[in-house]
Amino acid sequence: MACATSDPEFTMNDTTYDRIYTIVRQIPIGHVTTYGRVATLAGLDGKARLVGYALFKVATDSPEIPWQRVINAKGEISHSSLREGSDYLQRALLEAEGIQFDDRGKLDLKRYGWPTPWA
DNA sequence: GGCTTGACCAATG
DNA sequence: CCATTGGCCAAGC
């Protein structure tokens, strides 16, 4: 099979997941985005559910992906039964990037939202 | 191949 | 603000 692409990251087929990985990797430090936003940027507008599901799978398989910078539309960190207890870890990682959280564990999307400027 | 579950979102009441 | 509903797609059984 002929692979004309020189980039090892784009040698894979443009599957749903590969697009999500690419978007998440482009999130700069100190900024965050929502699942819906990633879905839209990945061409999966309205399918935010896929982002969450796919991202979770790659999170454990691809530590190079800053999945911690992806949160829900409420500007809060989502948590699942499996990740319950690790929610603090995600928050700690974001705080380490200079992101401040509210008492309720929320952050200001207007300030940390990406891509900027936030709508 | 059909049913259930899932890190979601937007709209409605 | 919280609860409920509909939608969308993929993976597991």
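Letters A, B, ... are given to chains in the order of the sequence lines, protein chains preceding strands, and every chain is numbered from 1. The figures here come from the full heavy-atom set of this structure, side chains too, leaving out hydrogens, waters and symmetry mates.
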For [X] and [N], what is the distance between atoms [atom1] and [atom2] respectively, to the nearest whole Å?
| X | N | atom1 | atom2 | result |
| --- | --- | --- | --- | --- |
| Lys47(A) | dG7(C) | NZ | P | 15 Å |
| Glu76(A) | dC2(C) | CD | C1' | 15 Å |
| Arg19(A) | dA10(C) | CZ | C1' | 16 Å |
| Trp67(A) | dA7(B) | CH2 | C1' | 9 Å |
| Ile71(A) | dC8(B) | CD1 | P | 12 Å |
| Leu94(A) | dA7(B) | CG | P | 19 Å |
| Tyr88(A) | dA7(B) | OH | P | 19 Å |
| Asp45(A) | dC8(B) | CG | C1' | 13 Å |

If you check every side-chain atom of [X], which of [options] has the closest atom?
| X | options | answer |
| --- | --- | --- |
| Asn72(A) | dA7(B), dC8(B), dA10(C) | dC8(B) |
| Gln90(A) | dG7(C), dA10(C), dA7(B) | dA7(B) |
| Ala59(A) | dA7(B), dC8(B), dA11(C) | dA7(B) |

Pairwise side-chain contact, Pro28(A) with Thr116(A), heavy-atom cut-off 4.5 Å (strictly under):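 No, too far: nothing below the 4.5 Å cut-off.
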Donor-acceptor under 3.5 Å (Tyr53(A) side chain, Ala48(A) main chain):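 Checked: no pair found.
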Test item: Glu76(A) side-chain N/O and Lys106(A) main-chain N/O as donor-acceptor pair under 3.5 Å: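 No, Glu76(A) side chain to Lys106(A) backbone: no donor-acceptor pair under 3.5 Å.
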Side chain to side chain contact (heavy atoms under 4.5 Å, CB included), paired with Arg69(A), selected from Leu94(A), Val38(A), Val24(A):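 Single pass found, and it is Leu94(A).
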Whichever of Ala48(A) and Lys57(A) has its nearest DNA chain C nucleotide further upstream toward 5':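 The answer here is Ala48(A).
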Transitive ILVMFWY side-chain link Val70(A) to Tyr21(A), under 4.5 Å: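 Linked, Val70(A) and Tyr21(A) end up in one cluster.
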Distance test, side-chain N/O of Arg37(A) to OP1/OP2 of dC9(B), below 4.0 Å: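 No, no such contact exists.
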Any N/O donor-acceptor pair, Tyr53(A) side-chain to dA7(B) base, under 3.5 Å: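 Looking at the base of dA7(B), it does not pair with any donor or acceptor on the side chain of Tyr53(A) (distance under 3.5 Å).
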